[in-house]
Each structure stands twice: as structure tokens, then as C-alpha cells.
2 protein chains.
Amino acid sequence: MADIYRALADPTRRAVLDELYERDRQTLFELCGRLAMKHGVASSRQAVSQHIAVLEEAGLVRAEREGRYRFHTIDTAPLREIAERWPARGRKDGQT
Amino acid sequence: MADIYRALADPTRRAVLDELYERDRQTLFELCGRLAMKHGVASSRQAVSQHIAVLEEAGLVRAEREGRYRFHTIDTAPLREIAERWPARGRKDGQT
DNA sequence: TTGACATGCAAGTGGAAGCTTGCGTATTGT
DNA sequence: ACAATACGCAAGCTTCCACTTGCATGTCAA
């Protein structure tokens, strides 16, 4: 399982997570279109594909094939590692 | 305020945060020594200094000068942005 | 089967990131 | 004052990263 922090380092990859968080089970083409429309991301299909590969290696995105389509789904579970590594300490407002 | 995600992307910077999380108000020299001892980080003083600069720009580390010393302190507040951006949804175990 | 569609792979390129190197500045102890 | 300490600045180098480009694979409809 690859580096989750490095996966989050790129703004385009974060936009992919944003988009998948809004709507799960999107194909690569759907993602490209919606990224361009709603997130101002003008990346090519190949670029987005490579970003998705990084997110998959980090466990943040899962994909399942159906025919010639590949549907992508976000998995926020690995993000908990971050909050658990440096938890907010001893403040009245700190929760997780 | 610079990119918090990019600041977390480097393993040495994460080790700095780990070390400051254990013990606040460390100088650059203290950090270098403790990183080498306890975290297996063999970075030079200048390298660590540059990493700290990145962490400061991201708001994750604050520093206050006293004489010829500069004491560094961790600030975990910016990390909440991550948990709040992709909160765990609708699972029985998800909290923040 | 054939063409169109959705995706996969892999080499090459430009630029940013991390590190080193060398010198400079400010503070402290004797 | 003078040396030692702690840190700062900036140029140069090397490596990695994101993107492109071109072609290949697999699936579906007619």
C-alpha cells in the first residue's frame, strides 16, 4: 500500500476525491468531464487515469470492472491514519 | 498560507511533526539530533531547516525566537481541514 | 466481423522538489 | 574583543513527478 500522503499532495488528485465524494461509481470519462465542468481541472484522460492509479495504490479509490466500463469509488478509510497520527491534544474544542 | 497537503508529502517533514508532537519547543539542533536517534532520519541541518520552513508556511509549525535560539512548536489545527473535507459517511464506525 | 467506444501501457519531456555547498549574520560565553 | 554557537540565505545539482504522445487491448453494437 503506497503513500497516502503523497497521493494527497496533488491538487488534481484531491479534485478527483472531491468529485467521487459527491458521486460514486463514475467512469474515467465521467470523471474527466465533471472535473472540467465543476472543478476547473483541464487534465487529459491519460493524466486523470494516472492520478487514479496513484489513488488506488494508496487505497483511497477502488474500481470494479463491468464490461468495458470501470467504475470508481472513493474509500475514505485510509484518511483516518492522518487524524490518528497527530490528534488534537488537550483543547476544549478538539474531538477526533 | 501554503499547501498543507504538499507539506505532509515528505516523510522527513512527517518525522519532524512526529518529533514535535512528542516534545514541543525544540531547537533546530535538538530536532536534528532526535530525528537521527529516534526516527532514523539522517538529514543535514540545512535540509531539516528547509523542511521546517515548509511546515511553517503550511501553518503546521510555529517558531519563536529567544536570543540565539529558535524554538519550534507543532500546530495540529490545520490538519482538521483534511478530516472535514472528506468526512466518513454513514458508517457505524465513522466519527470525524 | 467490423467499427466505435472505453480503457491500458510505456517511453519521452519539462519543471519542480529536496539536498548540498559555501558563506553570512546574530548571540553568547570567557 | 574574540571565538564558538545557532541559525539564515542562496546558487547549483540531481532526482522525481506530472504530463504528453503514440499505440495496444478489450468490449459492445450493428
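Note that the structure is predicted; figures quoted are calculated from it, not measured. Letters A, B, ... mirror the listed sequences (proteins, then strands); counts begin at 1.
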Spacing of [X] atom [atom1] relative to [N] atom [atom2], expressed in whole Å:
{"X": "B/Arg6", "N": "C/dA16", "atom1": "CZ", "atom2": "C1'", "value": "9 Å"}
{"X": "B/His51", "N": "D/dC7", "atom1": "NE2", "atom2": "P", "value": "17 Å"}
{"X": "B/Leu28", "N": "D/dT5", "atom1": "CG", "atom2": "C1'", "value": "12 Å"}

Check nucleotides 20-24 of chain C against the protein and report each pair of N or O atoms closer than 3.5 Å, with its distance, or say if there are none.
unit_1	atom_1	unit_2	atom_2	d
C/dT20	OP2	B/Ser44	OG	2.8
C/dT20	O4	B/Gln50	NE2	3.1

(request) Among C/dC19, C/dT7, D/dA6, find the nucleotide with the atom closest to the side chain of B/Thr12. (result) C/dC19
(request) Drop me the distance from B/Ile82's CD1 to A/Arg80's CZ, to the nearest 0.5 angstrom. (result) 15.0 Å
(message) Does the structure place the NZ or CZ of A/Arg6 under 6.0 Å from the centre of the six-membered ring of B/Tyr5, at an angle of no more than 45° from the ring's axis?
(response) no
(request) Map B/Tyr69 and A/Arg13 onto DNA chain D by nearest heavy atom, then report which one ends up closer to the 5' terminus. (result) B/Tyr69
(request) Scan B/Thr76, B/Asp75, B/Leu8 and name whichever one has a side chain to side chain contact (heavy atoms under 4.5 Å, CB included) with B/Leu60. (result) B/Leu8
(request) Pick out which of A/Arg14, A/Arg34, A/Glu19 makes a side-chain hydrogen bond (donor to acceptor under 3.5 Å, both in side chains) with A/His39. (result) A/Glu19
(message) Taking atom types as they are modelled, would you say the side chain of A/Arg68 forms a donor-acceptor pair with the base of C/dT7 within the 3.5 Å cutoff?
(response) no
(message) Could you list the cluster mates of A/Tyr69? Members are the ILVMFWY residues connected by side-chain heavy atoms closer than 4.5 Å, either directly or through other members.
(response) A/Phe71
